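Following: one structure in structure tokens, then a few remarks.
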Amino acid sequence: MNNAAIKDPRRYFEAIAADRTERAESPPVCLYLEVTNRCNLLCETCPRTFETLEPPADMSWSLFTRIVDQVPSLARAVLHGVGEPMLVRDLPRMIRYLKERGVYVLFNTNGTLLHPRKFPWLVDSGLDELRVSLDAADAPTYAKVRGKDFFQRIVRDVGRFTAYQREQGIEHPRVSLWLTGLRETVRQLPDFVRLAAELGVCEVYLQRIVFDEQGFGMARAGSSLFERTRAEEQAAIDEAVALGGSLGVRLDASGATEPGLSLKRQQEKNPWSTCRRPWSLMYFTANGRALPCCIAPFSARGYDSYTLGDATQSTLAEIWNGPAYQEFRAALLSDKPPKPCEGCGLRWSL
């Protein structure tokens with residue numbers, strides 16, 4: 001698979017074979033590596049705010065290299081999970097290790113640690129994408145969603161970083177701003193696009209929220225827009241799209257779709273059945289636990305029921321087509337999917 005296909009979610013999904021069984025005939029081409037499960041925020045949409053999923057840890061260098069070295073076909077690496085990657089001392093080294101192997105590398109950050117002294121390594125490491133989850137267009141809303149008031153600091157430092165890139169005449173990493181589509185925030189989307197333009201950021205993404213029946217803080221049905229988008233919220237999305245066109249800011253949604261469509265279930269009877277993730281990628285927590293995808297931690301409580309292996313105890317080949325992975329894939333292809341997949345739509349973020 002070439003690098004262009006990995007950058008573009010649409011081509012990425014098209015590249016995965018349509019003939020799927022409980023066995024994966026090809027090794028994974030993408031890794032999600034939770035380089036830490038520690039965080040300096042208490043976001044109302046994050047499960048780690050409300051329960052301990054695993055013991056606090058940064059992924060060790062030995063575990064990181066053990067995993068990466070077992071995937072010679074690796075084309076894409078995503079260095080985030082339920083923690084804040086910029087807390088990890090080895091993060092620049094990890095990025096360089098992957099780039100030396102020709103891997104496309106990105107991570108999502110809350111932006112609180114985007115200090116100017118880190119600008120050089122963000123660029124020099126070869127990082128391809130820097131995704132900043134800001135989730136609000138003003139400080140009061142940010143504090144409500146994120147649990148702490150870092151809004152002005154993040155806005156300042158994102159602007160400083162894009163200015164640094166312009167001064168250096170460089171375009172990498174691609175910087176984007178992300179907003180979780182809550183009822184509490186989606187009407188700020190036009191202002192969010194304006195803010196991005198002011199900061200020199202050319203990409204904005206609307207992230208669909210995931211929730212279970214019990215919910216985590218705002219991660220509950222009442223805040224979710226999925227299949228519940230009202231006229232005024234759709235109007236805000238439409239206004240933001242038009243505004244982005246005039247300001248040179250591309251507004252998209254997480255995954256291979258557009259903002260409005262990302263909040264609607266598609267026509268397929270079993271939308272989860274189109275998922276390619278268990279045949280194309282592996283997700284590992286900071287402690288080495290293999291999960292089916294990055295959505296799983298946010299869509300059901302506890303890890304025990306959908307742990308597919310342990311990279312500290314088994315090889316990736318043993319996990320990839322082991323009994324747990326095969327059982328998971330078989331369920332995903334049935335009309336009784338695994339619990340984390342029940343509320344998932346046709347497409348999602350990469």
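When reading the values below, keep in mind they use all heavy atoms of this one structure, side chains included, and skip hydrogens, waters and symmetry mates. Computed from a predicted structure; not experimentally measured. Nothing fancy with the numbering, it's 1 onward along the sequence.
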If you compare all heavy atoms of [X] against all heavy atoms of [Y], which two are closest, and at what distance to 0.1 Å?
| X | Y | result |
| --- | --- | --- |
| P28 | S73 | O-OG, 3.1 Å |
| V186 | A236 | O-CB, 3.8 Å |
| A311 | R66 | O-NE, 2.7 Å |
| A296 | Y306 | O-OH, 2.8 Å |
| D138 | Q188 | OD2-NE2, 2.6 Å |
| L291 | P297 | CD1-CG, 3.9 Å |

Carefully, step by step, assess F161 and R156 under the rule side-chain contact (heavy atoms from CB on, under 4.5 Å).
CA-CA 9 Å; F161 183 63; R156 178 198 65 195; over 6 Å; no
Is any side-chain heavy atom of [X] less than 4.5 Å from a side-chain heavy atom of [Y]?
| X | Y | value |
| --- | --- | --- |
| Y283 | P292 | no |
| V35 | F107 | no |
| P55 | N287 | yes |
| L332 | C341 | yes |
| I319 | F284 | yes |
| L33 | F64 | yes |
| D128 | L106 | no |
| K148 | Y142 | no |

Rounded to the nearest 0.5 Å, what's the gap from [atom1] on [X] to [atom2] on [Y]? Could you check?
| X | Y | atom1 | atom2 | value |
| --- | --- | --- | --- | --- |
| D90 | L79 | CG | CG | 11.5 Å |
| K144 | D135 | NZ | CG | 13.0 Å |
| D124 | R96 | CG | CZ | 8.5 Å |
| R93 | L98 | CZ | CG | 12.0 Å |
| F119 | E167 | CZ | CD | 10.0 Å |
| C39 | R48 | SG | CZ | 5.5 Å |

Only residue of V132, T162, L114 satisfying side-chain contact (heavy atoms from CB on, under 4.5 Å) with D157 is L114
Partner of L189 under side-chain contact (heavy atoms from CB on, under 4.5 Å), picked from V241, L243, L251, D238, is L251
Does [X] use its side chain to pair, donor to acceptor, with the backbone of [Y] at less than 3.5 Å?
| X | Y | result |
| --- | --- | --- |
| R166 | E171 | no |
| H172 | R174 | no |
| T185 | G181 | no |
| Q165 | P173 | yes |
| T180 | L182 | no |
| T285 | R289 | yes |
| R131 | L177 | no |
| E34 | G83 | no |
| N321 | A24 | yes |
| D149 | P140 | no |

**OP:** Determine, stepwise, if the pair L316 / I67 fulfils side-chain contact (heavy atoms from CB on, under 4.5 Å).
**Re:** CA-CA 7 Å; L316 267 61; I67 293 172; 3.9 Å; yes
Carefully, step by step, assess T109 and E84 under the rule side-chain hydrogen bond (donor to acceptor under 3.5 Å, both in side chains). CA-CA 6 Å; T109 177; E84 169 49 49; 2.8 Å; yes
*Begin from the C-alpha positions of Y325 and E327 and carry the test side-chain hydrogen bond (donor to acceptor under 3.5 Å, both in side chains) through to its verdict.*
CA-CA 5 Å; Y325 241 110; E327 181 179 346; over 6 Å; no
As a quick check of understanding, evaluate side-chain hydrogen bond (donor to acceptor under 3.5 Å, both in side chains) for N110 and T112, giving each step before the final call. CA-CA 6 Å; N110 61 34; T112 59; 2.7 Å; yes
So, are D58 and R89 salt-bridged, with charged N and O less than 4.0 Å apart? no
- Query: Heavy-atom count around Q168 CD within 6.0 Å, excluding the residue itself: above 12?
  - Reply: yes
Just do the side-chain contact (heavy atoms from CB on, under 4.5 Å) check on H80 and Y32 with the steps written out, would you? CA-CA 7 Å; H80 62 241; Y32 275 71; 4.3 Å; yes
* To do: For T65 and Y97, run side-chain contact (heavy atoms from CB on, under 4.5 Å): C-alpha distance rounded to whole Å, both residues' side-chain angles, the deciding distance at 0.1 Å, then the answer.
  => CA-CA 8 Å; T65 55; Y97 192 82; 3.8 Å; yes
R329 charged N/C atom sitting above W320 aromatic ring, 6.0 Å / 45°: yes
- Message: Less than 6.0 angstrom from the centroid, inside 45 degrees of the normal: does R146 satisfy that with respect to the ring of F150?
- Response: no
- [ ] State yes or no: do I154 and L42 share one hydrophobic cluster built from I, L, V, M, F, W and Y residues joined by side-chain heavy-atom distances below 4.5 Å, directly or via other members?
- [x] no
